[in-house]
2 protein chains.
Amino acid sequence: MRDLFTNIKIQVNEKIYLKDPETSILGKKIIEESILLMDAIGFDHFTFKKLGEKISSNESSIYRYFENKHKLMLYLSSWYWSWMEYKLFFATNNIEDPFEKLKKAITIVTEKIEDDEATKHINESILNKIIISEFTKTLQTKEVDEENKEGFFLIYKSVINRIVNLIIEVDPDYPFAKSLASNIIEGALHQHFLRDHLTTITNCNENISPTDFYINLITTVLKNK
Amino acid sequence: MRDLFTNIKIQVNEKIYLKDPETSILGKKIIEESILLMDAIGFDHFTFKKLGEKISSNESSIYRYFENKHKLMLYLSSWYWSWMEYKLFFATNNIEDPFEKLKKAITIVTEKIEDDEATKHINESILNKIIISEFTKTLQTKEVDEENKEGFFLIYKSVINRIVNLIIEVDPDYPFAKSLASNIIEGALHQHFLRDHLTTITNCNENISPTDFYINLITTVLKNK
DNA sequence: TTTTATTGATAGTATTACTATTATCTTTGC
DNA sequence: GCAAAGATAATAGTAATACTATCAATAAAA
């Protein structure tokens, strides 16, 4: 899998950036360090000025890559879900049994992420932390409908639809495949957040993972396993 | 129920505000109109200056009630969950059968809200729309741990714990009661959002409601019904 | 009627979120 | 090896945001 990633370029909607950060050293540095800074101070306190200082570069240089921090966050999340889609594909590709396949997929999208050494400038483990705390904010804006039309969320929806198809394969009669899939993906992020911050309203802790909860859920909800 | 609400004052943690908005005409106006303005332009574009213009009052007067718009949003969401807790209590109080009781509670917390005529200055239907699009943002900040310690999310957690207890009553052996409850409350808000904006990744529409999805879910997940 | 509390008006500061311009530095093409 | 092109840095500047401070006007309470 490592070799595959080295050759495959994660695709992000071109309208999200002004200049592709993958095409220059500065661009890659912007991505690499924005992940670290976003994790350290959060989206709300993140500014291009602070990022510029951190990478010893100029605020105005960053603006040549991204219109604003919301677009940068859209880039990071698109990258994440695109990477997730590859992971999903390769991890489930060789599994025959539909239910085992679905379980593997659910595991992939709900588990805690370790850094993928194949991508030098992106720390997936930290990116995952950012997605847990910040992703929903990229959706929940007044501009969501326009941005959805522009295709900014295509990869995210594609990941969900992959899960939907696996659910349908297991139980074609289950009437809420889409809601179940979108619930699991969003819900897993939320359960991770609760485990870290609001521990009294989740069963997840060091021993029980969101993955355990959601595997148990689909096992009882779906038939024909 | 209407009469009860007229007499019961919704309790909000005193540390959220500088001056209790319920104690003055201006305060009530701030709450009433902030709900409308927040719905119209969203949390991100909402400012105290704009609110001041809308209520023909001064920006600095609003700052005497709330430190910033985040605190105002905390107030609105605390109010909402407090109101929800009353609704839950009165709606389930007289139901004997544990599963019927749980179903009623799930219905209350997942359904679309109509305006409650008992509260003159608060439009619950619009407040519900705001909670759907903005509530998660009030949790997902870098200050969540401090604010949680201050007790800003007590009422929210209390609503979830009420559902947890009902789940345990129906099926004491189910091992994920807390995660299921927090998932349903957060997930229902998310499904409402998807129904309105990302329709391809939810089964919810004019005919199928988030309530249908979650009632179906608990019906299959829990035993001893 | 005096005191107190509340609100309004005005002004001012620091930060944010950018845009514009010009200089410098680095490639690459020949 | 040099010129042209492209990318980056430095500086400056604007408008909006997110406040704080002060003081006057007004309404309510003692």
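In what follows, every chain begins at residue 1, and chains take the letters A, B, ... in the order their sequences are listed. It should be emphasised that the depicted structure is a prediction, and the values quoted were computed from it without experimental measurement.
Taking atom NZ of residue B:Lys29 and atom C1' of nucleotide C:dG8, one finds them 13 Å apart after rounding to whole Å. Between the CD1 atom of A:Ile62 and the C1' atom of D:dA7 there is a distance of 14 Å, given to the nearest Å. Rounded to a whole Å, the OH atom of B:Tyr65 is 14 Å from the P atom of C:dA5. One atom, CG of B:Leu26, and another, P of C:dA9, lie 12 Å apart when rounded to the nearest Å. For A:Met73 and C:dA17, the CE to P distance is 15 Å, given to the nearest whole Å. Protein atom CD of B:Glu53 is 14 Å distant from nucleotide atom C1' of C:dG8, rounded to whole Å. The interatomic distance linking A:Phe66 (CZ) with C:dA17 (P) rounds to 16 Å, in whole Å.
Here B:Tyr65 contributes atom OH and B:Lys29 contributes atom NZ; the two are 11.5 Å apart, rounded to the nearest 0.5 Å. Taking CD from B:Gln140 and CZ from A:Phe135, the interatomic distance works out to 11.0 Å, rounded to the nearest 0.5 Å. To the nearest 0.5 Å, atom OH of residue B:Tyr156 and atom CG of residue B:Leu74 are 13.0 Å apart. Atom CG of residue B:Leu88 and atom CH2 of residue B:Trp83 lie 10.0 Å apart, to the nearest 0.5 angstrom.
Remark: DNA chain C forms stems of 3 or more consecutive Watson-Crick or G-U wobble pairs, all pair distances under 3.5 Å, at C:1-30 with D:1-30.
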* To do: Go along nucleotides 13-30 of chain D 5' to 3' and tag each nucleotide: B for a protein heavy atom under 4.0 Å from its base, S when only backbone or sugar atoms are that close, - otherwise.
  => ----SSBBB---------
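A cation-pi arrangement is absent between A:Lys69 and A:Phe48, since the terminal nitrogen or guanidinium carbon is not both under 6.0 Å from the aromatic centre and inside a 45° cone about the axis.
Inter-residue side-chain proximity for A:Ile25 and A:Lys28 is flagged as unmet; no heavy-atom pair is nearer than 4.5 Å. Contact annotation: the side chain of B:Leu18 never approaches that of B:Arg64 to less than 4.5 Å [non-hydrogen atoms, C-beta and beyond].
The only option from B:Ile185, B:Asn183, B:Leu180, B:Val109 that meets the side-chain contact (heavy atoms from CB on, under 4.5 Å) definition with B:Tyr214 turns out to be B:Asn183.
Panel note: side chain B:Glu134, backbone B:Phe43; a donor-acceptor pair is recorded below 3.5 Å.
Distances shorter than 4.0 Å separate none of the side-chain N or O atoms of A:Ser57 from OP1 or OP2 on D:dT8.
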